[in-house]
Structure formats: structure tokens, C-alpha cells
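Remember, it's a predicted structure, so these values are computed and weren't measured experimentally.
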Amino acid sequence: LILPLVVDFHEVEKSRPGSKGKFHLFRVLDRSALPISIIMFIMAFAYSAVFAFIDVYTLEIDLRWIGSLYFLAYSVSVIITRPITGRLLDMKNTDFVVYPVMIAFVVGMFLLSQANTGFLLLSAAVVLGYGYGNFQSIAQTIAVRNVPHHRLARANTTYFISMDFGTGIGPYFLGFMIPSLGYNGLFFSMSILAVIGVICYRLLIGNKHNLAAENNDTIVQKERDIMD
């Protein structure tokens, strides 16, 4: 009750003129964030297999006690590697960071599909922590990096809707694949889906975003030079 009395509130800039009118999709979603959001949907859909089925999978391959450490290993991998990839993203072009983490995602899902020892299972967790755990944050950065300030909320909304939608509907549809593929086949199929995600990134974004980011950085540097 006391906190609002001491917090200094600032007026938020209103949306640009012309935002009123009939509802349409791109009043809640951002068009420029759609390409990376589509790719995020693909990767989230693939990783949803882990969220939904890792427990029964480790029970089936008789690694239940090791399986209980899966998300711990995944989290440690994310905590260690995210600061590094974040720094590299600032220093290098986007592709320099994106392709390794996406390939790590593919490799991690493949390792998971072949896991028959605790070492392989935890190795998959570490590799997926580097792959999927970092791709989430990098993809969000791409979604908002070149978006005007007044469209940041829409860009974030587009990104998170895609990620949550992929994570949410994945287990429902993937469940139908288990009777014919089994859990090993399911995870292997998701590694193939991740390869499709890499191809989509190359086709939809690739060097285009690097050029846009470089132009944006040049503009920001010029503005700083003028201010100096």
C-alpha cells in the first residue's frame, strides 16, 4: 500500500496515430517478428516432447533415477552457457551464435533418442541446455532487436505466443505418434524437425537479419557520435 506513494511513475508513450479502427491480426502481432516466431514455434513443438514424455521415457529405458537429474543438468548447462552466448551475440553477427545452438538442439535430440546409459541421457540434457535453452533467449532478441520502441510489446507478444503455442499443442499431437514410433522414434523425429527449423531459419532470416542488425548498430553509433 505504501509502495505506490514512493514510486516515481513515468507516462508511457502512446501508440502511433492511426492505431484505432477495425481489429486485425497485426494490431496484436508484429509482422517483422513473425519469421523468428515461426521458427521458435517449430523448436518449441519439438522440445515439447521432452517436457511431456521424458519421465515415461526414462522409466521405459530403466534410467528413472538418472532421469530425475535431467532437468538439473539442463538448467546448469543453461546457466553456464547463456552469459557466453549473450556476450557473443553482442560481439559477433547473429548467425555466428544461432547456427551452433540450433545444431546443438538437433544433436541433443538425437542423443536423447539413442540414450541407453545415464551418461548419454545427461549428455543430451547438457547439449539441449546449450541448444534449446540458448535458442529461446536468442530468438527473443532477434524478435525485438530491430523493432521500433512503440512495437516492442507486440513483438514480444508474437514471440511468446508462438513459443507457448508450440509447447502447448506439441504433446497432444506427438502423443499420437508414440504407438507407431515409440519414444526413441519420437525423439529422433523431433531431431529431424529441428533440422527443418534450421533450414527455415536460413530461408526466412539468415543473413537478412545480420544486415539489418548491422545497419541498426551503425545508426545507433552515428547517433552517439552526434551526441558526443
Side-chain angles (χ1 to χ4, degrees), residues 25-26 28-53 74 77-78 81-82 85-86 88-89 92-113 124 127-147 151-152 154-177 181 185-216:
L25 186 62
F26 290 108
V28 290
L29 301 180
D30 187 80
R31 196 185 304 270
S32 64
L34 273 180
I36 191 63
S37 298
I38 291 170
I39 298 160
M40 187 67 244
F41 168 81
I42 294 171
M43 306 305 267
F45 187 95
Y47 195 74
S48 70
V50 177
F51 285 129
F53 305 117
Y74 175 92
S77 177
V78 172
T81 58
R82 264 192 186 171
T85 55
L88 286 173
L89 194 63
K92 305 288 186 178
N93 65 53
T94 308
D95 289 352
F96 183 85
V97 183
V98 171
Y99 284 121
V101 300
M102 295 188 81
I103 291 169
F105 184 90
V106 175
V107 173
M109 292 303 290
F110 176 76
L111 288 176
L112 193 59
S113 73
V127 175
L128 283 168
Y130 168 64
Y132 184 70
N134 281 277
F135 183 75
Q136 292 178 79
S137 55
I138 294 169
Q140 185 181 9
T141 301
I142 294 172
V144 303
R145 196 173 201 175
N146 299 307
V147 172
R151 281 170 31 206
L152 281 175
R154 271 185 285 177
N156 273 309
T157 297
T158 306
Y159 166 80
F160 281 110
I161 285 176
S162 299
M163 183 176 72
D164 293 341
F165 190 52
T167 304
I169 70 168
Y172 176 79
F173 289 102
L174 296 177
F176 293 111
M177 299 171 62
L181 296 178
L186 176 67
F187 291 125
F188 180 75
S189 298
M190 294 305 98
S191 69
I192 296 175
L193 181 60
V195 171
I196 295 173
V198 176
I199 295 170
C200 288
Y201 175 84
R202 177 62 183 172
L203 295 176
L204 296 177
I205 302 174
N207 292 327
K208 300 174 188 175
H209 184 78
N210 289 324
L211 292 173
E214 287 173 8
N215 291 336
N216 187 57

Hey, could you give me the [atom1]/[atom2] distance between [X] and [Y], rounded to the nearest 0.5 Å?
X: Thr141; Y: Asn146; atom1: OG1; atom2: CG; value: 11.0 Å
X: Leu174; Y: Leu181; atom1: CG; atom2: CG; value: 10.0 Å
X: Ile196; Y: Phe45; atom1: CD1; atom2: CZ; value: 11.0 Å
X: Asn93; Y: Phe96; atom1: CG; atom2: CZ; value: 8.0 Å
X: Gln140; Y: Asn156; atom1: CD; atom2: CG; value: 5.0 Å
X: Phe53; Y: Met190; atom1: CZ; atom2: CE; value: 10.0 Å

Val127 side chain near Met109 side chain, heavy-atom distance below 4.5 Å: no
Quick check: does any side chain N or O of [X] sit under 3.5 Å from a backbone N or O of [Y], one acting as donor and the other as acceptor?
X: Ser191; Y: Phe188; value: yes
X: Thr158; Y: Asp30; value: yes
X: Tyr159; Y: Gln136; value: yes

Please evaluate residues Arg154 and Leu29 with respect to the criterion side-chain contact (heavy atoms from CB on, under 4.5 Å), reporting the C-alpha separation (whole Å), side-chain torsions for both, the decisive distance (0.1 Å), and the verdict. CA-CA 5 Å; Arg154 271 185 285 177; Leu29 301 180; over 6 Å; no
Hey, can you pull the donor-acceptor pairs under 3.5 Å for the side chains in residues 35-43, sequence neighbours left out?
from, atom 1, to, atom 2, distance (Å)
Ser37, OG, Ala33, O, 2.6

Closest approach of [X] and [Y], non-hydrogen atoms and distance?
X: Asp95; Y: Arg202; result: OD2-NH1, 4.5 Å
X: Ser32; Y: Arg151; result: OG-NH2, 3.3 Å
X: Ser48; Y: Gly170; result: OG-CA, 3.3 Å
X: Thr85; Y: Ile138; result: CB-CD1, 4.5 Å
X: Val106; Y: Ala194; result: CG2-CB, 3.6 Å

Can you say whether the rings of Phe105 and Tyr132 are parallel (under 30°), tilted (30 to 60°) or perpendicular (over 60°)?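 Plane angle between 30° and 60°, so tilted.
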Show your working on side-chain contact (heavy atoms from CB on, under 4.5 Å) between Val78 and Asn134 and close with a plain yes or no. CA-CA 7 Å; Val78 172; Asn134 281 277; 5.6 Å; no
Suppose we screen for salt bridge (Lys or Arg N to Asp or Glu O under 4.0 Å). Which residues come up paired with Arg82, at least two apart in sequence or across chains?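 If we apply the salt bridge (Lys or Arg N to Asp or Glu O under 4.0 Å) test to Arg82, skipping adjacent residues, there are no hits.
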Could you tell me whether Tyr74 and Tyr47 have their ring centroids closer than 6.0 angstrom?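 Under 6.0 Å, so yes.
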List the steps and the verdict of ring pair (Phe, Tyr, Trp, His ring centres under 6.0 Å) for Tyr201 and Tyr99. CA-CA 9 Å; Tyr201 175 84; Tyr99 284 121; 5.3 Å; yes
Set out, in order, the CA-CA distance, both residues' side-chain angles and the distance that settles side-chain contact (heavy atoms from CB on, under 4.5 Å) for Phe165 and Ser162, then state yes or no. CA-CA 5 Å; Phe165 190 52; Ser162 299; 5.8 Å; no
